[in-house]
Protein chains: 2
Amino acid sequence: MSGAIAAPTQQLAALADDTRWAILELLGSRARSASELAAELPVSRQAIAKHLAVLEAAGLVESTREGRSVRHRAIGANLSALADRLDAIGRQWESRLERVARMAEERAGAERERG
Amino acid sequence: MSGAIAAPTQQLAALADDTRWAILELLGSRARSASELAAELPVSRQAIAKHLAVLEAAGLVESTREGRSVRHRAIGANLSALADRLDAIGRQWESRLERVARMAEERAGAERERG
DNA sequence: TTGACCTGCAACCGATCGATTGCAGGAGGA
DNA sequence: TCCTCCTGCAATCGATCGGTTGCAGGTCAA
């Protein structure tokens, strides 16, 4: 164990933007094209396209060509997988710091008995 | 239900940086001061201090003054809470898109029967 | 074939970010 | 008291980011 945490910073960076969350919220309810998204959000279509590229690179959005348009949809399973990893790390911190606190407590108890 | 997702972008932005993950990794195993962290990582103490401010604002790190130094520790429970929220959103996407797919499937089935 | 519509590429701009250096200030030990 | 150690604030710099405008290309319908 120990060693590097191997954090999925790319996915986290993709999620650290309000406009991308607005896009994901829309794509989570129904698959849409970039133009549809641009019509529903207060940014240009090109900005949407850049955000979709980031989200797709992070594995949070999936795209399918349909005729002359491209439909995008959110991939919930990958978000849940990321959540699992974060939860595991959080629990690890908790257990480690708990153990340290317990050791300090025991040491303090011995000091009290001795002193 | 429906409505806005209310994503904790501040916490996600705090986690979207490799140096901050390196800091969290160290603080997850044992509480440390900013100077200790600077000695173990390849960045200056001031950079560490800025990162700690970001992490503390996001509720991922807790700080306690001890004499002339300040000891910082990672808060695992808050990371797990964030993970729970992400997981819930991911499952929501999955169920919604599943329902849409099922409706499309039923519609296609009816078409086949009729045609 | 022509025209409408949607995507994709490139250049550009202002703002924010990660990081550095330099200096001031406060707490403890000799 | 003096010196050392650690923190905190400010200014600065290059890089990246979110967003825009403009234009080229491809696909469908009339």
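Here the structure is a predicted model, which is why all the values come from computation and not from measurement. Chain A is the first sequence line, chain B the second, and so forth, proteins listed ahead of strands; every chain is numbered from 1.
Between the CG atom of B/L41 and the C1' atom of C/dA19 there is a distance of 13 Å, given to the nearest Å. Separating the CH2 atom of B/W21 from the P atom of C/dG18 is a distance of 15 Å, rounded to the nearest angstrom. What separates CG of B/L37 from C1' of D/dC5 is a distance of 16 Å, to the nearest Å. The separation between B/D17 atom CG and C/dT16 atom C1' is 13 Å, rounded to whole Å.
Out of D/dG19, C/dA10, D/dC9, the shortest distance to the side chain of A/A47 is found at D/dG19. Out of C/dG8, C/dA19, C/dT21, the shortest distance to the side chain of B/Q46 is found at C/dT21. Listed nucleotides C/dT7, D/dG19, C/dT20 differ in distance to A/S35; the shortest reach to its side chain belongs to C/dT7. In this structure, the nucleotide among D/dG22, D/dG19, C/dA19 sitting nearest to the side chain of A/T19 is D/dG19. Considering only side-chain atoms of B/S33, the nucleotide from D/dT7, C/dA19, D/dT21 that sits closest is D/dT7. If you check D/dG22, D/dA11, D/dC9 against the side chain of B/K50, the one that comes closest is D/dA11.
Partner of A/R20 under the side-chain contact (heavy atoms from CB on, under 4.5 Å) criterion, out of A/V61, A/V54, A/L60: A/V54 alone. Of the listed residues (B/I75, B/L27, B/L24), just one forms a side-chain contact (heavy atoms from CB on, under 4.5 Å) with A/W93, and that residue is B/L24.
With hydrophobic clusters built from ILVMFWY side chains whose heavy atoms lie under 4.5 angstrom apart, A/L55 shares a cluster with A/V43. When hydrophobic clusters are built by joining Ile, Leu, Val, Met, Phe, Trp and Tyr residues whose side-chain heavy atoms come closer than 4.5 Å, directly or via intermediates, A/L37 is not grouped with A/V70.
Using a 4.0 Å heavy-atom distance criterion, B/A34 is classed as a sugar-phosphate-only contact. When heavy atoms are screened at a 4.0 angstrom cut-off, B/S44 is found touching base atoms of the nucleic acid.
The side chain to side chain donor-acceptor pair (under 3.5 Å) test applied to B/S35 returns no partner, not counting sequence neighbours.
The main-chain N or O of B/S33 is found under 3.5 Å from a side-chain atom of B/E36 such that the two form a donor-acceptor pair.
Within residues 51-72 of chain A, the residues that place at least one heavy atom under 4.0 Å from DNA chain D are, in residue-number order, A/H51, A/G67, A/R68.
Residues B/T64 and B/R73 have side chains that bring a donor and an acceptor to within less than 3.5 angstrom of each other.
Place A/A16 and A/R45 on DNA chain D by their nearest nucleotides, and A/A16 ends up nearer the 5' end.
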